[in-house]
Amino acid sequence: MIIVLKPDAPVEAAAEVIDLLDTAEVESHLVVDQGREVVIAPGAPSELVAMVAGHGSVERVVKTGGPAMLVSSAYSPMRTVIDVSGVSVGGDTFVVIAGPCAVEGRDQILEVAHAVKRHGARMLRGDAFKPRTSPYSFQGLGESALKLLADAREETGLPFVAEVLDTRDVELVAGYADMIRVGTRNMSNYPLLRELGRQPKPVLLKRGRTATLDEWLSAAEYVYGSGNPNVVLVERGIRTFEPSTRNTLDISAIPSVKRKTHLPVLVDPSHAAGDSGLVPALARAALAAGADGLIVDVHPDPSTALVDGDQALEPSQFGDLMSQLRSIAAALGLSL
Ligand code: PEP
Ligand code: MN
């Protein structure tokens, strides 16, 4: 149950509602959503709705099942559109974010930023901190990469998203990036999610590689409930028994999770496939299945990439993909 207080509720109202729930032995949590006090009572039985709704400072009571509360469609039936430095994510435009897995140097990031901009990408991706399976693999250039991304933004006008791995780096990454990404390995890093909830930059939250939809939405709830409602989900493939692709893109997750949540949902066909030859088909499928956009790996010369070269499109291949997506988007009444 979610209890939304009236905007002009007196200061004591939340405590009174919590007392009512306490008396019924129901645990509750007070959160503030965009300036409005909201009491979350996950285990409240529906018989309590009338009692709580009768309190004079309660605007509405939302009955919810499942772990998603503030991120649930029940709480907010309208789809959320998130503003990322002037780019709308989740509206009538299918948003394409593109760029290399990692920033490798000045020429590389500037060249690819100009190329993806020319082909219609709305945002740039590129990481400064890489979560590598081996501690001996390239780990990213750190702050100097963030500076290069900021230069690329300056030259192209494209906002950028970069990954943060560690709570200690949130302030640093937020100081440069327009949007902060949580990778699949950190989807369940609850202290990191809370920290991202306490800062204002929008968050791109990848699905954990073994996470169910409800676990993924609970991770989003950590960010949202800590004070940051600007969360975008990314389906990036899950681990299955099938070894022929890096991960298995869960296409059914797109309409399923969109039924459960009001947050925008993007797809990463690159990390799902692990193979650039498969990326266009998965990207087209994601658009057709109702995703709000893509995050795609593009590298000026994939054969020399320090990270994830096998799955990166060359700029011209990215241009071809964008033309295909434009036709599908037009048929769906979306722009690109
Ligand atoms: C990435 O986008 O470069 C990345 C590491 O993705 P994921 O966390 O989905 O593996
Ligand atoms: Mn990568």
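One-based numbering, in listed order, for ligands and for the atoms of each.
- Heavy-atom proximity to Asp127, at under 4.0 Å, picks out these atoms of ligand 1: 3 (O).
- Looking at heavy atoms from C-beta onward, Glu155 lies in side-chain contact with His114 at the 4.5 angstrom threshold.
- Among all protein heavy atoms, the one lying closest to atom 10 (O) of ligand 1 is Arg236 NH2, 2.8 Å.
- Counting the atoms of ligand 1 from 1 in the order shown, those under 4.0 Å from a heavy atom of Cys101 are 3 (O).
- Under the 4.5 Å side-chain contact rule for hydrophobic residues, Leu146 and Leu192 share a cluster.
- Close approach of ligand 1 to Arg181 (heavy-atom distance below 4.0 Å) involves ligand atoms 1 (C), 2 (O), 3 (O), 4 (C).
- A heavy-atom separation below 4.0 Å is not found between Arg209 and ligand 1.
- The Mn ion (ligand 2) is closest to atom NE2 of His271 (considering only N, O or S atoms).
- Against a heavy-atom cut-off of under 4.0 Å, Gly183 is close to the following atoms of ligand 1: 8 (O).
- In the vicinity of Arg185, heavy-atom distances shorter than 4.0 Å reach the ligand 1 atoms 10 (O).
- What sits closest to atom 6 (O) of ligand 1 on the protein, heavy atoms only, is Lys206 NZ, 2.9 Å.
- We find that Lys258 and Asp292 are joined by a salt bridge, their nearest charged nitrogen and carboxylate oxygen being less than 4.0 Å apart.
- Within the 4.0 Å heavy-atom criterion, neither part of Val234 lies near ligand 1.
- When each of Arg132, Arg125, Arg181 is paired with Glu163, the salt bridge (Lys or Arg N to Asp or Glu O under 4.0 Å) condition holds for Arg181 and for no other.
- Among all heavy-atom pairs drawn from Arg153 and Asp178, the shortest one is NH1-OD2, 2.8 Å.
- A salt bridge links Arg106 with Asp151; the closest basic N to acidic carboxylate O contact falls under 4.0 Å.
- Atom-to-atom distance recorded for Ile328:CD1 and Leu334:CG is 11.0 Å, nearest 0.5 angstrom.
- Using modelled atom types, no side-chain atom of Ser137 and backbone atom of Thr133 make a donor-acceptor pair closer than 3.5 Å.
- Atom-to-atom distance recorded for Leu294:CG and Ile97:CD1 is 9.0 Å, nearest 0.5 angstrom.
- Annotation: atom 4 (C) of ligand 1 to nearest protein heavy atom, His271 NE2, 3.4 Å.
- Considering backbone and side-chain N/O of Lys130, one or more are found under 3.5 Å from N/O of ligand 1.
- With respect to atom 8 (O) of ligand 1, the closest heavy atom belonging to the protein is Thr184 N, 2.7 Å.
- Residue Arg207 places every heavy atom at 4.0 Å or more from ligand 1.
- Between the side chains of Asn230 and Tyr224, no donor-acceptor pair of N or O atoms lies under 3.5 Å.
- For ligand 1, one of its N or O atoms has an N or O atom of Arg125 under 3.5 Å away.
- Vertex the Mn ion (ligand 2); arms to Cys101 SG and Asp308 OD2; angle rounded to 10 degrees, 100°.
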